[in-house]
Amino acid sequence: MPGKPDPDRPRAMGAWEEAFGSPPPPYLSVAFMCKAVAYEAQCKASGGLPSSVRRSLRQIAEGKPVADAGDGGLRSGSHLVREWNGRTYQVEVVEGGYRIDGKDWASLSAIAKHITGTTWSGPRFFGLTRRAASGR
């Protein structure tokens with residue numbers, strides 16, 4: 001009923017404090033607190049978002065255009081090809097990561113390090129960034 005306190009508010013605030021270790025910010029709705037607590041429980045159970053998605057969301061929150069954030073929007077089934085020291089490497093984009101030579105990897109940077117033996121930005125190594133496209 002509008003104007004009256006939600007009877008579930010104390011329960012939602014308690015669940016929030018238990019999940020996040022601090023009281024909720026003032027004026028959060030009960031529905032939002034319940035969703036946030038449920039999402040936090042899901043993250044604890046299944047590990048949360050992949051690092052690439054978290055990085056993309058952070059870039060978007062910092063003002064980067066959605067089209068430019070993250071891995072360039074690679075879709076599952078896409079292939080990246082890179083030649084290094086006379087060998088051609090083909091990376092397949094799979095759900096949740098990448099596959100090369102039958103082995104799954106969580107990031108392009110890990111694959112680039114595997115190939116070169118040194119630390120690289122994976123997107124840069126595979127030519128997915130503007131800097132790489134114009135600089136090398």
>> To check you understand the geometry: which heavy-atom pair defines the closest contact between Ile100 and Gln90, and what is its length?
In response: CG1-O, 3.6 Å
>> I need the minimum non-hydrogen distance between Pro24 and Glu17, along with the two atoms involved.
In response: CD-CG, 4.2 Å
> Could you walk me through whether Leu80 and Ile111 pass the side chain to side chain contact (heavy atoms under 4.5 Å, CB included) check?
Replying inline: CA-CA 12 Å; Leu80 305 171; Ile111 293 172; over 6 Å; no
> Which heavy-atom pair separates Ser109 from Pro123 by the least distance, and what is that distance?
Replying inline: OG-CD, 4.2 Å
>> If I compare all heavy atoms of Lys44 with all of Ala19, which pair ends up nearest, and what's the gap?
In response: NZ-O, 3.6 Å
> Of all residues at least two apart in sequence or in a different chain, which pass the ring-ring contact (aromatic ring centres under 6.0 Å, His included) check with Phe20?
Replying inline: Trp16
>> Working to the nearest 0.5 angstrom, can you tell me the gap between Tyr89 OH and Glu83 CD?
In response: 10.0 Å
> Should Leu28 and Val37 be regarded as members of a common hydrophobic cluster, given that ILVMFWY residues are connected when their side-chain heavy atoms come within less than 4.5 Å of each other, either directly or indirectly?
Replying inline: yes
> Between atom OG of Ser29 and atom NZ of Lys35, what is the distance when rounded to the nearest 0.5 Å?
Replying inline: 7.5 Å
>> Could you see if Val53 belongs to whatever hydrophobic cluster contains Tyr98? Use Ile, Leu, Val, Met, Phe, Trp, Tyr and a side-chain cutoff under 4.5 Å.
In response: no
> For the atom pair CH2 (Trp84) and CD1 (Ile115), what is the distance rounded to the nearest 0.5 Å?
Replying inline: 9.0 Å
> Should the pair Trp120 and Phe125 be assigned to parallel (<30°), tilted (30 to 60°) or perpendicular (>60°) ring geometry?
Replying inline: perpendicular
>> How long is the straight-line distance from CZ of Arg82 back to CZ of Phe126, given to the nearest 0.5 Å?
In response: 7.5 Å
>> If the condition is side chain to side chain donor-acceptor pair (under 3.5 Å), which residues does Arg9 pass it with, not counting sequence neighbours?
In response: none
> Can you name the closest pair of heavy atoms from Arg87 and Asp101 and give their distance?
Replying inline: NH2-OD2, 3.1 Å
>> Distance check, rounded to the nearest 0.5 Å: Glu95 atom CD versus Asp104 atom CG?
In response: 11.5 Å
>> Ignoring hydrogens, what is the shortest heavy-atom contact between Asp8 and Asp6? Give both atom names and the distance.
In response: N-OD1, 2.8 Å
